[in-house]
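In what follows, residues are counted from 1 in the order of the sequence shown.
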Amino acid sequence: MELVEVIPNRLHMLRFPIGQAYLWQDEGALTLIDAGHAGSADAIEEAIRSLGLAPERLERIVLTHCHRDHVGAAGELAARRGAEVAAHRLDAPVIRGGRPVPEPVLLDWEVPLYAHGLTVPEAPPTPVDRELLDGEVLPFGGGAVVVHAPGHTPGSIGVHLPRHGVLFTGDCVAGVGQVMLGVFNVDRDQAVASFRRLAALDPAVACFGHGDPCVTETAATLRAAAQAPAHAG
């Protein structure tokens, strides 16, 4: 796992072989946005310690959606540290193991990528302590606004920190090579609409589920990518 500083003393990216998570640091608490794959709890805690922080400070884990590369270590970390696990109410039953993961409608070029993604260990059933709704505000980052962004999965969310100009897009948006619509969507048209909604927030920093964060000319880059003709096809 690679640890990448995004905002000094505030935000770090934890990059796994497939997918990534983000660690947000407030003065008295830590928040994870997504939690990597199953079996990565030790690596995540070691990354936290490498920053001079205590894993015991982890107060919450916010899951942007129900896929295995984002949920995997959440349950183990929560059990160790008493952290609250939060996810949108539409994906919560999947995360808990009560419903199957929704199948995406794959474009031809996505088929081999999807097969590769399934090499990530399957996430165990994970308790969700808090079911989120659009517009809900979470107590970190000066007020973290939940933005329902369906399409990748029915309960996909973005997390917006207006005070800091930071947006976590989950897999609705990707930054692999270029900023683009995320892959493996259950409803592509809905995902495009969600991308445009997230882009309209005009963040200064955008953190994606896959690919490098966008930290310069971010608002313009997101808006242009959200309107690209390829995303409507």
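Atom-to-atom distance recorded for T169:OG1 and H160:NE2 is 12.0 Å, nearest 0.5 angstrom. The distance from atom CG of N9 to atom CD of E27, rounded to the nearest 0.5 Å, is 10.5 Å. Interatomic distance, CG of L11 versus OG1 of T31, reported as 11.0 Å (0.5 Å rounding). With values rounded to the nearest 0.5 angstrom, S194 atom OG is found 12.0 Å from I157 atom CD1. E5 contributes atom CD, which lies 4.5 Å from atom NE2 of H12 (distance to the nearest 0.5 angstrom). Interatomic distance, S156 OG to D171 CG, rounded to the nearest 0.5 Å: 7.0 Å.
Donor-acceptor pairing under 3.5 Å is lacking for the side chains of T221 and T218. Side-chain contact, H65 with D34: no donor N or O sits under 3.5 Å from an acceptor N or O.
Scanning all heavy atoms of the two residues, the minimum distance from P17 to H37 falls at CD-NE2, 4.4 Å. Listed here is the closest heavy atom pair of C172 and F195: SG-N, 3.5 Å. Closest of all the heavy-atom pairs between V85 and A78 is CG2-CB, 3.7 Å. The two residues C66 and T153 make their nearest non-hydrogen contact at SG-CG2, 4.0 Å. Summarising the geometry of I95 relative to A87, their closest heavy-atom pair is CD1-CB, 3.5 Å, with the distance given to 0.1 Å. For the pair A29 and E59, the tightest heavy-atom approach, listed with the atom from each and the gap, is CB-CD, 3.3 Å.
Other residues, nucleotides and ligands contribute only 12 or fewer heavy atoms inside 6.0 Å of the CD atom of E122. Within 6.0 Å of the CZ atom in R99, the count of heavy atoms belonging to other residues, nucleotides or ligands does not exceed 12.
Between E136 and R89 there is no salt bridge, since none of the side-chain N atoms of the basic residue sits less than 4.0 Å from a carboxylate O of the acidic one. By the 4.0 Å N-to-carboxylate-O rule, R81 lies close enough to E45 to be salt-bridged with it. A salt bridge links R96 with E131: the distance from a Lys NZ or Arg NE/NH1/NH2 to an Asp or Glu carboxylate oxygen falls below 4.0 Å.
Of the possible donor and acceptor atoms, none in the side chain of D69 sits under 3.5 Å from a partner among the backbone N and O of G36. At distances below 3.5 Å, not a single donor-acceptor pair connects side-chain atoms of T64 with backbone N or O atoms of V62. Between the side chain of D42 and the main chain of G39, no donor-acceptor pair closer than 3.5 Å is present. Side-chain N or O atoms of Q20 include one that pairs as donor or acceptor with a backbone N or O of G211 at under 3.5 Å.
With contacts defined as side-chain heavy-atom distances shorter than 4.5 Å, the pair P150/D187 does not qualify. No side-chain heavy atom of R196 sits less than 4.5 Å from a side-chain heavy atom of L222. The side-chain heavy atoms of W24 and L161, taken from C-beta on, include a pair separated by under 4.5 Å. Between L14 and L3 the shortest side-chain heavy-atom distance falls below 4.5 Å. Put simply, the side chain of V6 reaches to within 4.5 Å of the side chain of V205, judged on heavy atoms. Under the 4.5 Å side-chain criterion, counting only non-hydrogen atoms from C-beta, L133 is not in contact with H148. Using a 4.5 Å heavy-atom threshold, the side chains of D134 and R197 count as touching. With a 4.5 Å cut-off on side-chain heavy atoms, L32 and L77 count as touching.
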Test E103 against V186 for side chain to side chain contact (heavy atoms under 4.5 Å, CB included), laying out the working first. CA-CA 6 Å; E103 290 291 331; V186 298; over 6 Å; no

Derivation of the side chain to side chain contact (heavy atoms under 4.5 Å, CB included) call for H67 and H152: CA-CA 10 Å; H67 286 162; H152 183 65; 3.1 Å; yes

Quick one: do R15 and D212 satisfy side chain to side chain contact (heavy atoms under 4.5 Å, CB included)? Show the steps, please. CA-CA 9 Å; R15 196 198 312 268; D212 293 332; 3.0 Å; yes

I48 vs L30, test: side chain to side chain contact (heavy atoms under 4.5 Å, CB included). Steps then yes/no. CA-CA 9 Å; I48 291 172; L30 301 175; 3.7 Å; yes

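Under the 4.5 Å side-chain heavy-atom criterion for grouping Ile, Leu, Val, Met, Phe, Trp and Tyr, L90 is not connected to I61 through any hydrophobic cluster. One hydrophobic cluster, built from ILVMFWY side chains closer than 4.5 Å, holds both F140 and V166. Note: the hydrophobic cluster containing L138 also contains Y22 (ILVMFWY, side chain heavy atoms under 4.5 Å, direct or indirect links). Neither V4 nor I44 shares a network with the other; the hydrophobic side chains, linked directly or stepwise wherever heavy atoms of I, L, V, M, F, W or Y lie under 4.5 Å apart, form separate groups for each. Hydrophobic clustering (side-chain heavy atoms under 4.5 Å, transitive across Ile, Leu, Val, Met, Phe, Trp, Tyr) keeps I33 apart from V145.
With sequence neighbours excluded, no residue forms a salt bridge (charged side-chain N to carboxylate O under 4.0 Å, His left out) with R60.
When ring centroids are compared, H70 and H210 come within the 6.0 Å threshold.
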Less than 3.5 Å apart, which donor and acceptor atoms pair up between the side chains of residues 104-112 and the rest of the protein, not counting sequence neighbours?
from	atom 1	to	atom 2	distance (Å)
E110	OE1	L107	N	2.9
E110	OE2	F184	N	3.3

